[in-house]
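None of the values given here were measured: they were computed from a predicted structure. In what follows, chains carry the letters A, B, and so on, assigned in the order in which the sequence lines appear, proteins first and then strands, with residues in each chain numbered from 1. Worth knowing before you read on, the calculation uses all heavy atoms, side chains too, and leaves out hydrogens, waters and symmetry mates.
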There are 2 protein chains.
Amino acid sequence: MALSHAIMTALLEDDMSGYELAKAFDISLGLFWRASHQQIYQELHKLADRGWLQRETVAQAGKPDKIVYALTEAGRSAMAEWVMGNSRVQEGKDDLFVKLYNLAESNAAHLAMEIGHRREQMMQRLYLYEKIRRRHYADPTALPVRRKGVFLALLAGIRQGEHFLAWCDEAQAILATVDGKESDGG
Amino acid sequence: MALSHAIMTALLEDDMSGYELAKAFDISLGLFWRASHQQIYQELHKLADRGWLQRETVAQAGKPDKIVYALTEAGRSAMAEWVMGNSRVQEGKDDLFVKLYNLAESNAAHLAMEIGHRREQMMQRLYLYEKIRRRHYADPTALPVRRKGVFLALLAGIRQGEHFLAWCDEAQAILATVDGKESDGG
DNA sequence: CAGTTTTATGCAATTTATTGCATATTGAGT
DNA sequence: ACTCAATATGCAATAAATTGCATAAAACTG
C-alpha cells in the first residue's frame, strides 16, 4: 500500500498509460518515489482489479496501442481516505552514508569520487526542478489549493538538494585530507 | 544486498547480538537505515551461513542467553569490496510528500497536523544527534580516519534534519492560509 | 532491407521487507 | 501465584521491489 498511492496521485489530474506513468515517475514525482515499469504495470493490474482504476485501450497513429488508466469514484474516495490516515517516517536507506561508516585510507578516494558523482546527478535534478518552479510556481500565494501542495513538495525537494550539494563539498574537503596522508608515505 | 551491509557496518567495531543490533539501528545507524528485529535475525542467519559472521552463544546473569555475532576475515574483505563498488541513488519514498500532492481544503488541517507531528519527532532526533556530535565529534579534524566518515554521515543527518524543520514551518504557514480560506466563505 | 531505438506491455523468479504470531527467561509489582 | 515489562530469538505468510527475460509495432539509421 505505497506505490499504489503514488500511482493514483499521478493520475489525479491526467489519465495515463503505464508507459507514461513510468516517465512521469522519472520527473515530477521521481523526487519522492521511484518505480520500475514492471512494478508499475503489476500495480496497475491490481488497482484495476480492486476497482480503483478503469482501463481503456487507445489506438494510436504511428505507435503501438496503449492502455490508459483513469481513477474511478471508488479510487478517488480511497485516496481521500488514505490522505486522512497517519503515515510513518521512512528512513533514507542510502548506501552512501552506510559506506561512510567504513571510511579508511584505502577507500577515501573512491568515496570522494562517488560523492562527486552524486553531486553531479543532484545538480542536474536541481536544474530541472528549479526550472519547473520558476515556470509553474513563481507566485505560490496565487496558486489553487492542490497546486500549493505540489509546490510544498517541490520546495522540500529543492531545499534537500541544495543542502546535499553543500554537504558534498564539505565531505570532499574532509576526504581530501584523509587521502593526502597516504601519498607521502609511498 | 543492502541490510546485510548495514548490519556488518554496525559490527565493525563491536560484536553484538541480534537484540543489541536492533537497538543500535534505532539510534546511531537509524538515520540511514531502519530494520525490524525479524529482518535482522533472518539476515544474521544468512550472513553466518555465508561465512561472513561468526556466532557465539553467551550466557548472561539475570537475562536469557544471547547469540553474539562477530565479523570474520571473509566478512571484512567482503565489506571492503562492497565499499569500492558503485552505489545507486535511493529515493526518499516518503508518504508525506505524496500526500501533499493531494492537498485540498478538506485535508489541509490534517496534513498540517501530520507535519507538526513529524516536526516533533525530528526535533527529538536532532537533540540526540547533536548530543552525540558534541560529545564525540567536537573536533572533526582530530578524529581517526574511520571516525571522520561517521562524522560526515552524522553531519548529513543533522543538516537534513535542520532543513526539514525549517521546511515544516514554511509548510504549516502555507497550509494555515489554505485552511483559513474556507471559514469566511461559508 | 537489416539493425537500432523508441514506444508499449507483460511474465517469472528471486530478493527484500512487513506483519502477525510463538516461545522462553528473568525481575518487579500486586 | 498472577500479571506485566524487558530481554532474547525465531517461524510463517504475505506484500513489495528488483532482476531478467519476452514480445511487438513503428520510426529512424545506414
Side-chain angles (χ1 to χ4, degrees), chain A residues 1-8 15-27 29-30 32-50 53 55-69 82 86-95 98, chain B residues 1-8 15-26 29-30 32-50 53 55-69 82 85-95 98:
Chain A
M1 247 20 83
L3 172 62
S4 58
H5 297 120
I7 287 176
M8 290 170 83
D15 299 347
M16 277 189 264
S17 68
Y19 191 83
E20 289 160 344
L21 269 166
K23 281 194 156 183
F25 268 76
D26 277 347
I27 29 174
L29 258 169
F32 313 110
W33 221 276
R34 171 78 34 121
S36 61
H37 77 270
Q38 291 93 332
Q39 212 190 332
I40 289 172
Y41 284 123
Q42 257 177 280
E43 202 63 40
L44 284 170
H45 280 288
K46 280 187 207 167
L47 291 171
D49 287 348
R50 233 179 279 173
L53 297 182
R55 295 163 64 100
E56 196 189 344
T57 305
V58 175
Q60 296 180 108
K63 286 176 191 173
D65 291 1
K66 64 179 177 179
I67 301 168
V68 171
Y69 290 84
W82 170 71
N86 287 312
S87 63
R88 275 183 289 171
V89 196
Q90 218 122 359
E91 307 317 316
K93 292 207 178 181
D94 192 326
D95 281 355
V98 179
Chain B
M1 249 18 88
L3 173 60
S4 58
H5 297 121
I7 286 176
M8 289 170 82
D15 300 346
M16 276 189 265
S17 69
Y19 191 83
E20 288 161 346
L21 269 166
K23 280 192 157 184
F25 267 75
D26 276 349
L29 258 169
F32 312 111
W33 221 277
R34 170 80 32 120
S36 61
H37 78 270
Q38 291 93 333
Q39 212 189 332
I40 289 172
Y41 284 122
Q42 258 179 280
E43 204 62 41
L44 284 171
H45 281 286
K46 281 187 207 166
L47 291 171
D49 288 347
R50 235 180 278 173
L53 297 183
R55 297 163 64 100
E56 196 190 344
T57 305
V58 175
Q60 297 181 108
K63 285 176 191 173
D65 290 2
K66 64 179 177 180
I67 301 169
V68 171
Y69 290 85
W82 170 71
N86 288 313
S87 64
R88 276 182 288 172
V89 196
Q90 217 123 0
E91 308 315 317
K93 295 208 178 182
D94 193 326
D95 281 356
V98 179

K.L.:
Quick one: is C/dT19 close enough that its OP1 or OP2 comes under 4.0 Å of any side-chain N or O from A/R88?
P.N.:
yes
K.L.:
Generate the contact string for nucleotides 23-28 of chain C. Rules: B means base contact, S means sugar-phosphate contact only, - means no protein heavy atom under 4.0 Å.
P.N.:
--BSS-
K.L.:
By the 4.0 Å heavy-atom rule, please label A/R34 as base, sugar-phosphate, or nothing.
P.N.:
nothing
K.L.:
Holding to salt bridge (Lys or Arg N to Asp or Glu O under 4.0 Å), I want the full list of residues that pass it with B/E20, two or more places apart in sequence or in another chain.
P.N.:
B/K66
K.L.:
Measure CD/B/Q42 against P/C/dT19 and give the value in whole Å, please.
P.N.:
14 Å
K.L.:
Who pairs with A/D49 by side chain to side chain contact (heavy atoms under 4.5 Å, CB included), at least two apart in sequence or on another chain?
P.N.:
none
K.L.:
Which of the following nucleotides, C/dT9, D/dT9, D/dA12, is nearest to the side chain of A/I67?
P.N.:
C/dT9
K.L.:
Holding to ring pair (Phe, Tyr, Trp, His ring centres under 6.0 Å), I want the full list of residues that pass it with B/H45, two or more places apart in sequence or in another chain.
P.N.:
none
K.L.:
Measure OH/B/Y41 against P/D/dC11 and give the value in whole Å, please.
P.N.:
12 Å
K.L.:
Residues two or more places apart in sequence or in another chain: which of them pass ring pair (Phe, Tyr, Trp, His ring centres under 6.0 Å) with B/F32?
P.N.:
A/F97
K.L.:
Separation of B/I40 atom CD1 from D/dT7 atom C1', in whole Å?
P.N.:
15 Å
K.L.:
Take B/G18 and B/K93, find for each the nucleotide of DNA chain D with the closest heavy atom, and name the residue whose nucleotide sits nearer the 5' end.
P.N.:
B/G18
K.L.:
Quick one: which protein N/O atoms are closer than 3.5 Å to N/O atoms of nucleotides 20-22 of chain D? Pair and distance per line, please.
P.N.:
residue, atom, partner, partner atom, Å
D/dG20, O6, A/Q38, NE2, 3.3

